[in-house]
Protein chains: 2
Amino acid sequence: MTARVIAAHTDPMSVSGHKGSGSPSGPGPEPHRAASIRDVARAAGVSYQTVSRVINDRPNVREETRRRVEDAIEALGFRRNPTAFALASGVTRTVTVLTSNTTLYGYAATLQGLEEAARAAGYSLGVKLLTPEDDLDRTLTSAVADGGGLVVIGFDRLGATALDHVPADVPCAAVVEAPPPGRTPPRPAVWADDREAARAATAHLLDLGHRTVHYLAIPSSVGTRHSEGPRAQGWRSALETAGVTPPEPHGGKGWDARAGYDQAQALAHDPAVTAVLCGNDDLALGVLRALHHAGRSVPGDVSVIGFDDAPHSGFVTPSLTTVRMDFQGLGRDAFALLRDRLEHAPRPPAPTFAGTALIVRESSGPPPA
Amino acid sequence: MTARVIAAHTDPMSVSGHKGSGSPSGPGPEPHRAASIRDVARAAGVSYQTVSRVINDRPNVREETRRRVEDAIEALGFRRNPTAFALASGVTRTVTVLTSNTTLYGYAATLQGLEEAARAAGYSLGVKLLTPEDDLDRTLTSAVADGGGLVVIGFDRLGATALDHVPADVPCAAVVEAPPPGRTPPRPAVWADDREAARAATAHLLDLGHRTVHYLAIPSSVGTRHSEGPRAQGWRSALETAGVTPPEPHGGKGWDARAGYDQAQALAHDPAVTAVLCGNDDLALGVLRALHHAGRSVPGDVSVIGFDDAPHSGFVTPSLTTVRMDFQGLGRDAFALLRDRLEHAPRPPAPTFAGTALIVRESSGPPPA
DNA sequence: CTGAAAGCGCTTACAG
DNA sequence: CTGAAAGCGCTTACAG
C-alpha cells in the first residue's frame with residue numbers, strides 16, 4: 001500500500017550553478033565545467049570565431065585548421081551550449097507541443113510520432129498540458145517564450161481554442177480533427193480523413209443489413225450545437241445516402257470507457273438498436289460492456305464499431321471492428337510542416353498520404369434475423 | 001484512405017529571426033519584437049537593473065519604484081526571456097524526461113504526473129525517447145546540454161541503463177521499478193511497492209482455493225537471468241510462504257496484448273492451470289483472449305489478474321481484477337525530488353505514500369470444483 | 001535604495 | 001582564410 005521515496009544527496013553542488021574551483025567532494029568525477037568555445041580555441045591555437053565556423057560547418061576554413069579544431073573539440077569533449085546558441089542566433093531547435101491529454105491512445109500516439117520526427121531532425125521536444133482551469137494565455141505565452149515552434153494537437157475543443165489563440169507571428173503547425181473551414185487556412189495543419197472513414201464504417205454496417213446505425217460521439221473540437229465533428233458527419237452522410245434518416249446521436253460527454261458505458265445505457269436497452277458506431281475504441285468498450293449488462297449479444301443482437309484501433313482492440317472479446325488511424329504519421333507530418341516554416345523552406349511541404357482503414361473483426365455482423 | 005496536409009505560409013518572417021523593422025506583411029498584427037528589460041526600464045524611467053530586481057522579487061526597491069516598473073511591465077506585456085535568464089543565471093527551469101515509451105499506460109500516466117508537477121512549479125518539460133538503435137550517450141549528452149534536470153523513467157531495461165549512464169554531476173531523479181540495490185542509493189528515486197502488491201494479488205488467488213498461481217511477466221528492468229522484477233518476486237514469495245513451489249514463470253518478451261496472447265498459449269492449453277497473474281493489464285487482456293480461443297472460461301476455469309488498472313480494465317468482459325497503481329503520484333514525487341536537488345533544498349524531501357491496491361473484479365474467482 | 005560594469009557562451013557582421 | 005568587435009537579454013557582484 002505504499003510508494004517509497006528515497007533521496008540521495010551525493011553532490012551538493014549544482015551543475016548548473018556558477019562554477020568555482022570548488023574542491024571535489026567525495027569520490028567520483030569532480031564537477032567539471034563544460035568546455036567552451038574559447039577553451040577549444042586555446043587548445044587549437046586559433047581564435048574562437050574560427051571554432052564557431054567549424055562547429056557550424058561554415059566555409060572559409062583551411063583544411064588543416066579545421067582538423068586541428070576538430071581534434072581539440074574531440075579532446076575536450078566540447079558540445080555547443082544550446083542556450084547560448086539560442087540567445088545569440090535567435091534560433092531555437094525546439095518544438096513545444098500543446099495538448100490537453102497525453103494518455104488517450106490517439107494523443108499519445110501522435111505525440112510519439114512528433115517525438116520521433118523531432119529527434120530525427122535534431123530538435124528537442126517540449127510538452128505543455130492544456131487544462132480548462134489554467135490560464136490559456138499564460139500557457140501560450142510561456143510556450144512562445146521557450147522559443148522554437150509550436151505544434152498544437154487540436155483534437156478537442158481545448159486544443160482548438162488554444163490554436164485560435166496562438167499569435168499570428170509564432171511559427172506553429174497543428175494536427176486537427178477536421179480541415180479548417182474557409183479557403184485560406186490560417187495555419188499549416190494535418191488531419192486524417194475521419195469523415196470518409198466514418199462513412200465507410202457506417203456503409204459496412206448498412207451493407208451487413210442493418211436498417212440504421214446509431215452513433216455515440218466523442219466530444220468534438222468543432223461546435224457542439226450547430227455543427228458536429230467529421231466522424232459524426234461521415235456517419236450522417238452515409239445514412240442519408242442510403243435514404244435513412246439519421247437518429248439522434250448520443251454521447252459527446254467523454255472519451256473513455258466509463259463515458260461509453262454511461263452514455264450507452266439508452267442504446268443498450270432499446271431493442272430496436274442493432275448497430276452502433278462509436279467515436280473511439282474506448283467508448284466502444286464501454287458500449288460492449290453496457291450491452292453485456294443489458295443481456296444483449298455482440299454481434300448477434302447488436303454490432304459495434306469503434307475508431308482508432310488502439311493496440312488492445314483486437315484482443316478483447318468480441319474483438320473490435322474499428323478504423324485504423326495513423327496517428328504517428330500525423331505527428332510526423334505536423335512536425336515536418338513546422339520545420340519547413342521554421343527553416344524557411346523554399347517549397348511548400350509535399351502532401352503526405354497516411355491511411356485510415358476499416359479493420360473488420362468480431363464485433364460487427366449481420367443484424368438478428 | 002488518406003491523410004491530408006495543408007500548408008499555409010501566411011508569415012514569411014520568422015519570429016525567432018533577428019528583428020528588423022520589416023514591413024508588416026498582410027493583415028494581422030505586425031511582427032512585434034518582444035519587450036526587453038531595457039524597454040521596461042525606459043518606460044518606467046529607471047535603470048534596467050532595477051527592472052531585474054523587480055521581476056526577481058528582490059528587496060531593496062522603493063515601493064513606488066516597484067509600482068512604476070510593474071505598470072510598465074503590464075503596459076508593454078513584458079515577459080522575461082527564459083533563454084537569456086538561463087544563460088545569465090545558470091539556472092534552467094526545465095526538466096527533461098527520458099523514457100523508452102510514451103503510449104503504454106504506466107508510462108503515459110507517469111509522464112502526466114510529471115507534467116502537472118512541472119507546470120505547477122513553473123518548469124518546462126521536455127521529453128526524449130530512448131531507443132535501442134539510438135546512441136544512448138548522444139541522447140544523454142543532448143539532454144544534459146538542454147540544461148535543467150533529468151527524470152528518467154526506469155521501468156525497463158533501456159531506462160535503467162540510461163539511468164546508469166547519467167553523469168554523477170547532473171541533477172537527476174528517477175522513477176524505478178524496484179528499490180535500488182545497496183545501502184547508498186546512487187540517485188534520488190521513487191518507486192511503488194510492486195513486490196508487496198504482487199504478493200497480495202497472489203495471496204488473493206491462493207485464498208480463493210487455487211493450488212498454485214502461474215505468472216506471465218513483463219520485461220524487467222533488472223537482470224533477466226539471475227534476478228527478476230519485483231512483481232515476479234512478490235508472486236514467488238507468496239507461493240513460497242504458502243508452501244507451494246513456484247512454477248516456471250512465462251513471458252518477459254513484451255508489454256502489449258499481442259505479447260500476452262502469444263506468450264500465453266502454453267498456459268491456455270494446459271488444463272492444470274487455474275490461475276494466472278500477469279505483469280500488466282495489457283498482457284492480461286491477451287491471456288483472456290488466448291483462454292477464450294482455448295475454450296476455457298474466466299473465472300470459471302481460470303482466474304486472471306492484471307497489474308496497473310488501466311482505465312478500460314474495468315469495462316472489458318470479464319472485467320479485470322488488477323492492482324491499481326498511482327503512476328501520476330510517482331511522476332509528481334519524482335519531480336519533487338528533482339526540484340529539491342535543483343534548488344538546493346535544505347531538507348531532504350519527505351517520503352510520500354502513494355498507494356497500490358488490489359481491485360477485485362470479475363476475472364478472479366474460485367477454481368473449478 | 002539605485003545605477004554603471006562585466007559576463008553567461010555563443011553568433012553575426014565587419015575588418016584585414 | 002582568420003581575427004577583433006559588438007551584441008543576444010538577462011544576471012551577479014560592485015559601487016555609490
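Labels below follow one simple rule: chain letters A, B, ... track the order of the sequence lines, proteins then strands, and each chain is numbered from 1. No experiment lies behind these values; they were computed from the predicted model shown. As a basis for the values below, the full set of heavy atoms in this structure was taken, side chains included, without hydrogen atoms, waters or symmetry mates.
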Grab the N/O contacts between the protein and nucleotides 3-7 of chain C below 3.5 Å, and write none if there aren't any.
{"unit_1": "C:dG3", "atom_1": "OP2", "unit_2": "B:S47", "atom_2": "N", "d": "3.0"}
{"unit_1": "C:dG3", "atom_1": "OP2", "unit_2": "B:S47", "atom_2": "OG", "d": "3.0"}
{"unit_1": "C:dG3", "atom_1": "OP2", "unit_2": "B:T50", "atom_2": "OG1", "d": "2.8"}
{"unit_1": "C:dG3", "atom_1": "N7", "unit_2": "B:R53", "atom_2": "NH2", "d": "3.4"}
{"unit_1": "C:dG3", "atom_1": "O6", "unit_2": "B:R53", "atom_2": "NH2", "d": "2.6"}
{"unit_1": "C:dA4", "atom_1": "N7", "unit_2": "B:Q49", "atom_2": "NE2", "d": "2.2"}
{"unit_1": "C:dA4", "atom_1": "N6", "unit_2": "B:Q49", "atom_2": "NE2", "d": "3.2"}

Inset, instruction - Scan B:T83 against the nucleic acid and name what it touches under 4.0 Å (heavy atoms): base, sugar-phosphate only, or nothing. - result: nothing
Inset, instruction - Decide yes or no for A:R187 and A:V166: does some side-chain heavy atom of the first lie under 4.5 Å from some side-chain heavy atom of the second? - result: yes
Legend entry - Validation row: A:R341, A:C172 side chains within 4.5 angstrom (heavy atoms):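 A side-chain contact is absent here, since even the closest heavy-atom pair is not under 4.5 Å.
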Determine: side-chain N/O of [X] to OP1/OP2 of [N], distance under 4.0 Å, yes or no.
X	N	result
A:R58	C:dT11	no
B:R80	D:dT11	yes
B:S52	D:dT11	yes
B:N81	D:dG9	no
A:N56	C:dT11	yes

Inset, instruction - Would you mind checking if A:D71 and A:R68 are paired as a salt bridge, meaning a charged N to carboxylate O distance below 4.0 Å? - result: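 Answer for the salt bridge query: no.
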Legend entry - Atom pair distance, as rounded to whole Å: CG in A:L76 and P in C:dG9: 14 Å
Inset, instruction - Return the value, rounded to whole Å, for the distance between atom CG of B:D57 and atom P of C:dC1. - result: 15 Å
Legend entry - Reported CZ-to-CG distance for the pair A:F335 and A:L125, which is rounded to 0.5 angstrom: 8.5 Å
Legend entry - 5'-most by nearest nucleotide on DNA chain C - B:N60 or B:A84: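 Between the two, 5'-proximity favours B:N60.
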Legend entry - Minimum-distance nucleotide (side-chain atoms of B:L87 versus D:dG9, C:dT2, D:dT11): D:dG9
